[in-house]
2 protein chains.
Amino acid sequence: MKPRHAHHSEDCRAVSAILQRVGDKWSALVVTKLGAGAMRFGELKAAVGGISQKMLTTTLRGLERDGFVTRTVFPTIPPRVDYELTELGRELLGPVMALVSWATSNTERINAARNAFDDRSGPAQ
Amino acid sequence: MKPRHAHHSEDCRAVSAILQRVGDKWSALVVTKLGAGAMRFGELKAAVGGISQKMLTTTLRGLERDGFVTRTVFPTIPPRVDYELTELGRELLGPVMALVSWATSNTERINAARNAFDDRSGPAQ
DNA sequence: CCGTATCCGATGAGATACTG
DNA sequence: CAGTATCTCATCGGATACGG
């Protein structure tokens, strides 16, 4: 079902999908937190800060599905669930951290550009 | 003027915002295409493939706003508009390409993990 | 403690039609 | 050719409440 010449849009969509995995609101943050080692659900929630229970579970399920984290349930009372990066997840951490640290050190420049743009585009629009 | 320890959320939200800029459906693709040099609107649309006019404009405006691309209008008939990466945009290209190439070379592993997960979670759900 | 279910507003994204 | 304006539908993300 491909068009006649299967150019790189195949790859592009795959790449785009992965970028969206780490590009959603919380995934990158969660992955970097887990970079420090295994954590349980509650710890993670506290570490990330501001994330709702629902979004944390959703995010973790997504990461688990793509093979970036493992989920380990201890059938105790109260229950305890640990999350940990897989090998794949640790490999992902490299590029992600690179992007994160670039972003961190260029926040100011981006904000400046943004303000300049908004200024040009009409403050009283 | 921050406490020593509680400064995570500030940075995190800024970083998260930038990750979402490149993490949306088209930005990363557009940035990588522009990595090859300046292009006009139509070229870009063809190069990306599958993007609607509306989304390309929206994406480019966002990138322009954040200072990653410049927009140059030639007041000819028919009109011609060129887009080009700024210095900031070219710097961004590095980390983004790293992530993109990691994603490209690990698509198979991710798909495998995804299939395995979907399998576990109930194929007939 | 961890997770699910539900509701709801906000945003994302495509299709189409129209202007300079 | 490039961009805007709508309209419409899907998905995201938060709040809240409930269940094992």
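Below, chains carry the letters A, B, ... as their sequence lines are ordered, and counting in each starts from 1.
Rounded to an integer number of Å, the gap from B/Leu44 CG to D/dC1 P is 15 Å. Rounded to a whole Å, the CE atom of B/Met39 is 11 Å from the P atom of D/dA2. In this structure, CD of A/Glu43 is placed 14 Å from C1' of C/dC2, rounded to the nearest angstrom. Between A/Leu56 atom CG and D/dC12 atom P the separation is 16 Å, expressed in whole Å. The separation between A/Gln20 atom CD and C/dT11 atom P is 18 Å, rounded to whole Å. When rounded to the nearest whole Å, the span between NZ of A/Lys45 and P of C/dC1 equals 11 Å.
Between B/Lys25 and A/Val73, the one whose closest nucleotide on DNA chain C sits nearer the 5' end is A/Val73.
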Query - B/Glu91 vs A/Arg109, side chain to side chain contact (heavy atoms under 4.5 Å, CB included): CA-CA, chis, key distance, verdict - result: CA-CA 12 Å; B/Glu91 287 179 31; A/Arg109 290 165 79 191; 2.9 Å; yes
Report task. Take B/Glu87 and B/Arg90, measure what salt bridge (charged side-chain N to carboxylate O under 4.0 Å, His left out) needs, and give me the verdict at the end. Result -> CA-CA 5 Å; B/Glu87 170 57 24; B/Arg90 281 189 296 275; 3.4 Å; yes
Report summary line: Reading nucleotides 4-9 of chain D from 5' to 3' and marking B where a protein heavy atom lies under 4.0 Å of the base, S where only the sugar-phosphate is that close, and - otherwise, the string is B-BB--
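Minimum atom distance to the side chain of A/Met55 is reached by D/dG13, of the listed C/dG3, D/dG13, C/dC1.
Checked by atom type and distance alone, the side chain of A/Asn106 pairs as donor or acceptor with a backbone atom of A/Trp102 at under 3.5 Å. Without hydrogens or angle criteria, A/Thr70 side chain to A/Thr86 main chain gives no donor-acceptor distance under 3.5 Å. With hydrogens and angles ignored, the 3.5 Å screen pairs no side-chain donor or acceptor of A/Thr59 with any backbone N or O of A/Trp26.
Rounding to the nearest 0.5 angstrom, the gap separating the CG atom in A/Leu63 from the CZ atom in A/Arg21 is 5.0 Å.
Residues A/Val73 and A/Tyr83 are members of one and the same hydrophobic cluster, defined by side-chain heavy-atom contacts under 4.5 angstrom among Ile, Leu, Val, Met, Phe, Trp and Tyr.
In this structure, the side chains of A/Arg71 and A/Arg61 come closer than 4.5 Å at one or more pairs of heavy atoms.
Donor-acceptor pairing under 3.5 Å is lacking for the side chains of B/Arg114 and B/Asn111. Judged purely by distance below 3.5 Å, without hydrogens or angles, the side chains of A/Ser27 and A/Asp24 pair a donor atom with an acceptor atom.
Interface residues of residues 74-85 of chain A facing DNA chain C, ordered by number: A/Pro78, A/Pro79, A/Val81, A/Tyr83; criterion, heavy-atom separation under 4.0 Å.
Where the helix from C/dC1-D/dG20 to C/dG20-D/dC1 starts and where it ends, the local axes point in directions that differ by 40°; five pairs per end, rounded to 10°.
For A/Asp82 and A/Arg80, the salt-bridge test passes: some basic side-chain N is under 4.0 Å from an acidic carboxylate O.
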